[in-house]
Participant: 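The structure follows.
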There are 2 protein chains.
Amino acid sequence: MRNSSKPVGIEDVARRAHVSITTVSRVINHVPTVHPKNIERVEEAIAALHYKPNVSAQRLASGVTKAIGLVMPGYPGIFYSFYAVELMRGVGHGCESLQLDMVFHITNGSNPLKSNSVGGIVFADVIENRNQVDAALEAGLPCVIVNNHLKDVETHYIALDNLLGGRMAAEYLTGLRHRRIATITGNVKTQAGAERLEGFAKYLKSKNIPLPEQYIYPGDYSRQSARRAMEQFLKLPERPTAIFAASDDMALEALAVLAENGLKAPRDISLIGFDDNPACLNAPVALTTLHQPLFRMAEEAVRLLHSIMQGKTKKIVRKMIAPSLIVRESTAPYVPIQNSKEGHK
Amino acid sequence: MRNSSKPVGIEDVARRAHVSITTVSRVINHVPTVHPKNIERVEEAIAALHYKPNVSAQRLASGVTKAIGLVMPGYPGIFYSFYAVELMRGVGHGCESLQLDMVFHITNGSNPLKSNSVGGIVFADVIENRNQVDAALEAGLPCVIVNNHLKDVETHYIALDNLLGGRMAAEYLTGLRHRRIATITGNVKTQAGAERLEGFAKYLKSKNIPLPEQYIYPGDYSRQSARRAMEQFLKLPERPTAIFAASDDMALEALAVLAENGLKAPRDISLIGFDDNPACLNAPVALTTLHQPLFRMAEEAVRLLHSIMQGKTKKIVRKMIAPSLIVRESTAPYVPIQNSKEGHK
DNA sequence: TCCAATATAACAAACGTTTTTCCAACACTC
DNA sequence: GAGTGTTGGAAAAACGTTTGTTATATTGGA
């Protein structure tokens, strides 16, 4: 079945199409100055011979590499979460539409930078692999960071506007006339966690809505921390009427604690999450949340990188993406207490 | 900071080390016939000049491609599950240790095969992208399939022995003296689902333990199907004393249904899952299950592929990997009914 | 001292493209 | 009909390595 001899090369195509090698190359690279008749001939020959250009030769001759790297933190890290998956899918999709190869690299700690087989790198969720970013920049490789931004590194990024997200949560809940709003923060040592809290708190302050100390529970994205937070909130003499959890995962646990105490969202307490984690779709109460468009962000990162690689983008691009509010069932307008247990519908 | 001129090449290294280009190449490729002194010199020069070989040129000249492809089914598919993640991590780790680049490709349906930029392909969870496998084989690319096997395709695979897995579940439960054992099957249209059931049923039959129709609930890996299964089982006059769920996810739902009915595993019913899904680690009752060593399987697939690419492996390798039994809390020996509610400890 | 044998190293020819340079052919214009 | 553009194609020079072949030291034995 398989012809054991040499693979077909550009020369074979040229011979069969009765044109020169140059012309074949031009057809492949869509150079406009080729006679239509010749284009047709060449394409026929390519199809007939099952010709595939040798990528290495193309790269070597042209100096252009049609591949990008994607580096992600490995386990233990964000890798197990839906973040990773969405980001990967987005990058994959972007590469697909741009006809780029995607070489994938999982960071195990402080691994050396990969060889020069890519024309640029997308870094997803940079945390402590910033030395890798530095190395890549040093090597002259274009880099785009997605879903995170390093304050002190001079490079492009596409990041979620967590500050705005926190603010949106606060805005939405106050718009529902809630005035006693508590929050279970994410790990405030992470930028995302800190910013979500900051945006949230600042908005309340600007509206003169008090945010007492005991309404801020310093969580860490873990279920356990959400549980402790809820237990604290429920013990309070002035129970909050709404809660902003900095992740859907924590919101889910909050929902569970509520249920264990015979309470229900949104009847007793409104609850808003963050992330729009698909794993939370089958929660007992559908979660109102702030959606992170990770897929689109990743895709855009690839587009940006490609444009940089082509020299089309010169200036540093730093883009903040707004989360979007997804209103589902876990939030409702504040209803003043009626002395009875009866809830409004 | 950056020197704008040409990147350093092998020639620059040779000049600085006062040796020929050939010698430098030999040092890079660890050819043994180089004088130690020269090795040292060359390495010094490489380090001093920050020389990185041009991968494209290496590939072109040597004809060897130090990169493999990983193709995975895209969404909607297995991509969101831990399967994908474990498999990817395994492949990533294998590539790392073998110094291979890994170019990643998410299949969106019937996409054409990627260019010839890889020396071989690992297919993860092949379902209906078998035309891609065929295309790759046709193109002369070595292929290894992991976590699945296509009966009618002549290629290598590393697959989980689901038949054995089902059998192990049955063996373990009967070893605990259970005699009324039910199963919630996976989707029996998938090979895995069918085989898990088959192995399970065959073992019981061989031991003359009855497996009545109503003890086999045809699930589909979904939570809902597990719920329906449990509702059916609990209504039975002769309730099963043990249940084999073909996935941890379904087992988890079964646990929930049990709890809703005031029952508990393993006190009232023993429950064994399949997969060892890390997402189920924080279940209320730790799940006894059959572990799939996906990570190791993927790693091994890469090793195998590499060996094929080097011409070291000629014959077709088809390997079945045994799952391993992980005993946790959800199973216990069968205790004859005592007329009272008191359970044994 | 000379020769054979054995380590090392150098030369030069691939590897399969892209791309620059140059030339021919053709169509205009005056 | 000569001059001037314009268009399309051919020849050949890169691109940065690897590698088969040939040359040069170096060593040991006679």
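Chain A is the first sequence line, chain B the second, and so forth, proteins listed ahead of strands; every chain is numbered from 1.
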Participant: For a quick check of understanding: with a heavy-atom distance under 4.0 Å over all strands, which category does V19(A) fall into, base, sugar-phosphate or nothing?
Facilitator: sugar-phosphate
Participant: Can you sort out the partners of T313(A) under side-chain hydrogen bond (donor to acceptor under 3.5 Å, both in side chains), two or more places apart, ordered by chain and number?
Facilitator: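 Partners of T313(A) by the side-chain hydrogen bond (donor to acceptor under 3.5 Å, both in side chains) criterion, ordered by chain and then number, come out as S307(A).
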Participant: Under 3.5 Å, which donor-acceptor pairs link side chains of residues 40-48 of chain A to any protein atom two or more places apart or in another chain?
Facilitator:
from, atom 1, to, atom 2, distance (Å)
E44(A), OE2, R16(A), NH2, 3.0

Participant: Mind running a 4.0 Å heavy-atom check of residues 21-30 of chain B against DNA chain C and sending the residues that fall below it, in number order?
Facilitator: T22(B), T23(B), R26(B)
Participant: Can you name the closest pair of heavy atoms from V85(B) and V85(A) and give their distance?
Facilitator: CG2-CG2, 4.5 Å
Participant: Measure the distance from CD1 on I10(A) to P on dA11(D) and round it to the nearest whole Å.
Facilitator: 14 Å
Participant: Does the side chain of S20(B) pick up a donor-acceptor pair with the side chain of T23(B) at under 3.5 Å?
Facilitator: yes
Participant: Whole-Å distance between dT8(C) C1' and R41(B) CZ?
Facilitator: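 From R41(B) CZ to dT8(C) C1': 13 Å.
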Participant: Give the rounded distance in Å between these two atoms: NZ of K66(A) and C1' of dT17(C).
Facilitator: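 These atoms are roughly 15 Å apart.
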Participant: Would you check if the side chain of T155(A) reaches a backbone N or O of C143(A) as a donor-acceptor pair within less than 3.5 Å?
Facilitator: yes
Participant: I need the NZ-C1' distance between K52(A) and dT17(C), as an integer number of Å.
Facilitator: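 So the two atoms are 17 Å apart, to the nearest Å.
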Participant: Counting only N and O atoms by type, is there a donor-acceptor contact under 3.5 Å from the side chain of S62(A) to the main-chain atoms of Q58(A)?
Facilitator: yes
Participant: For residues 56-63 of chain A, which residues have at least one heavy atom under 4.0 Å from DNA chain D?
Facilitator: L60(A), A61(A)
Participant: For T33(B) and N54(A), take the nucleotide of DNA chain C holding the closest heavy atom to each; which residue's nucleotide lies nearer the 5' end?
Facilitator: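 The residue whose closest nucleotide sits nearer the 5' end is T33(B).
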Participant: Please identify each residue that fulfils side-chain contact (heavy atoms from CB on, under 4.5 Å) with Q292(B), with sequence neighbours left out.
Facilitator: Y83(B), N147(B), L160(B), R196(B), F274(B), D275(B), L294(B)
Participant: Taking atom P of dT7(D) as reference, at what distance in whole Å does atom NZ of K37(A) sit?
Facilitator: 18 Å
Participant: Could you pull out all donor-acceptor pairs under 3.5 Å where a side-chain atom in residues 295-302 of chain A meets a protein atom, sequence neighbours excluded?
Facilitator:
from, atom 1, to, atom 2, distance (Å)
E299(A), OE2, H93(A), ND1, 2.9
E300(A), OE2, K319(A), NZ, 2.4

Participant: If I compare all heavy atoms of S97(B) with all of R303(B), which pair ends up nearest, and what's the gap?
Facilitator: OG-NH2, 3.5 Å
Participant: dA10(C) P sits how many Å from H35(B) NE2, rounded?
Facilitator: 13 Å
